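In what follows, chains carry the letters A, B, and so on, assigned in the order in which the sequence lines appear, proteins first and then strands, with residues in each chain numbered from 1. Side-chain atoms are counted along with the backbone in the values below, which use heavy atoms only and exclude waters and symmetry mates. All values reported here derive from a predicted model rather than from experimental measurement.
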Protein chains: 2
Amino acid sequence: MNTTRSGRPALTRPDGTPLRVLVVDDDPDLAEVLSGALRYEGWQVRTAGDGASAVAAARELLPDAVVLDVMLPDTDGFAVLRSLHTVKADVCVLFLTARDAVEDRIKGITAGGDDYVTKPFSLEEVVARLRGLLRRAGMARQLDEGPRLTVGDLVMDEDAREVTRGGELIELSPTEFELLRFLMRNPRRVLSKAQILDRVWSYDFGGRAHVVELYISYLRKKVDAGREPLIHTVRGAGYVIKPVTP
Amino acid sequence: MNTTRSGRPALTRPDGTPLRVLVVDDDPDLAEVLSGALRYEGWQVRTAGDGASAVAAARELLPDAVVLDVMLPDTDGFAVLRSLHTVKADVCVLFLTARDAVEDRIKGITAGGDDYVTKPFSLEEVVARLRGLLRRAGMARQLDEGPRLTVGDLVMDEDAREVTRGGELIELSPTEFELLRFLMRNPRRVLSKAQILDRVWSYDFGGRAHVVELYISYLRKKVDAGREPLIHTVRGAGYVIKPVTP
DNA sequence: GGGCCGGTTCAGAGGGTCCTGAGAAGTTCA
DNA sequence: TGAACTTCTCAGGACCCTCTGAACCGGCCC
């Protein structure tokens, strides 16, 4: 089976070909970061910088999903959405939008099951939302297990945003939740603080790696408190989450 | 079984094929939003912008239901209705009409089992009405369970518009009812304020997400008052309804 | 041992999210 | 027409989340 840089099997559609995503943003840097992260996750990625070329690219690529900036130089996102749906009716769309534009043009978007993320976002957020869209659309075979992540007796339900350990409910803040999700999606793999910062914190975060240590300590208090620890420090390298008994 | 983007099983007719609906409206944005919401609910959707193409599309699609704007650029909705019935006698029709439209004529039509919604409507309203029509027509297998929604000891009878908790009747305003219905149709799933706004409030509502918080607080006062809470806030994410003990 | 380094933890400021009460405008119904 | 109800805006305030700064801890090397 084809594998990706992340070590996970490539995401494939029911017919075995890789999942395709089109990234549309007029900021080339951001488009690059996004497509890098998605490629890493096993997507076949293509980018476009404006509405016209987005529709053209979609006609060629016939993507399963589109990551679409609402503010584009030529057209507005809603028009692009309509064109995309005429190109491929069952395409999933994830919108990127500025914080204060939310109420405006996003109206009606999520009604179709599409979703949106506000800038500045974290890559983990984008990747997770996209996964959610595809899973609900029944597109990717690998996602069939559903919205559940498990490490030992620690269980995360992404849809319900619920985390339990040994059946006991654990309350987490948004950042704690994202950090834990990132760890749990990469069990038994050492993640550096830089990696964590890049994925869990938003791309324009200027802070230092110290926050990662801080949030790891928060997580430990809630997740590992008084129990066999799942979260481990690897000095000089980063952190891992792994079950106690392999 | 085939599933939809909403995670619910696809709506199917007695013979196993998906339910088909034709959306007829001359406003392409509205048609797009409507068809998105219906597709998400498991319908096979097709749209038309005027009476002539509506009849043509119906002849091809042979829809189980039609969502029909009364005001069309070429013909009026009632003429279309007659044509539709010659194409497929047992089709269910949901009319979309302006608030001050001639109510008598609508009522004459709906006597036949069809229904109508006045603009501006909420998507939740349209989706629910359509469900009701199909259920009464005995079309969809999945709807056989009837009009009852249950979360813990909270019970909603959609047809009677009645809500009880622990047997005790709870009086709700229209908006409160729709909000609660949307929550109860998605138990244990965190719904963002944007999602709620898109589905429960009418499509032309310009207000801010703040109203959602307000109505959640109203609901809590009536539904959760002095009892074990069913409605939960997930900070930074949205709201969930779920029974205390799973 | 002393200094250094990576990591952990505590305390607290500031900012944001969310809740709620009060009240204005619009709607329904008698 | 007036009263009751519904819907929504506004503003105050409580609480939580996030991040900074600084102290602390233990291992490692000189």
**Message:** Rounded to whole Å, how long is the line connecting atom CD of B/Glu213 with atom P of C/dG21?
**Reply:** 14 Å
**Item:** Among B/Glu124, B/Glu178, B/Glu125, salt bridge (charged side-chain N to carboxylate O under 4.0 Å, His left out) partner for B/Arg199
**Value:** B/Glu124
**Message:** What is the separation between atom NZ on A/Lys221 and atom P on D/dC17, rounded to the nearest whole Å?
**Reply:** 13 Å
**Message:** Check this one for me: any side-chain N or O of A/Lys193 less than 4.0 Å away from OP1 or OP2 of C/dG7?
**Reply:** yes
**Message:** So, OP1 or OP2 of C/dT8: does either fall under 4.0 Å of a side-chain N or O from A/Thr233?
**Reply:** yes
**Complete:** B/S/- along nucleotides 9-16 of chain D (protein heavy atoms under 4.0 Å) is BBB---BS
**Asked** Rounded to the nearest Å, what distance is computed from the CH2 atom of residue A/Trp201 to the P atom of nucleotide D/dT20?
**Response** 11 Å
**Length of the line joining A/Arg220:CZ and C/dT9:P, which is rounded to integer Å** = 7 Å
**Prompt:** Can you list every salt bridge (charged side-chain N to carboxylate O under 4.0 Å, His left out) pair that touches residues 27-37 of chain A, not counting sequence neighbours?
**Reply:** none
**Fill in**
Taken to the nearest whole Å, CG/B/Leu179 to P/D/dC8 is 12 Å
**Fill in**
Heavy-atom nearest pair, A/Met184 first then A/Leu149, reads CE-O, 3.5 Å
**Request:** Answer yes or no: does a side-chain N or O of B/Tyr239 lie under 4.0 Å from OP1 or OP2 of C/dT17?
**Result:** no
**Message:** Among residues at least two apart in sequence or on other chains, which ones pass ring-ring contact (aromatic ring centres under 6.0 Å, His included) with B/Tyr203?
**Reply:** B/Phe121
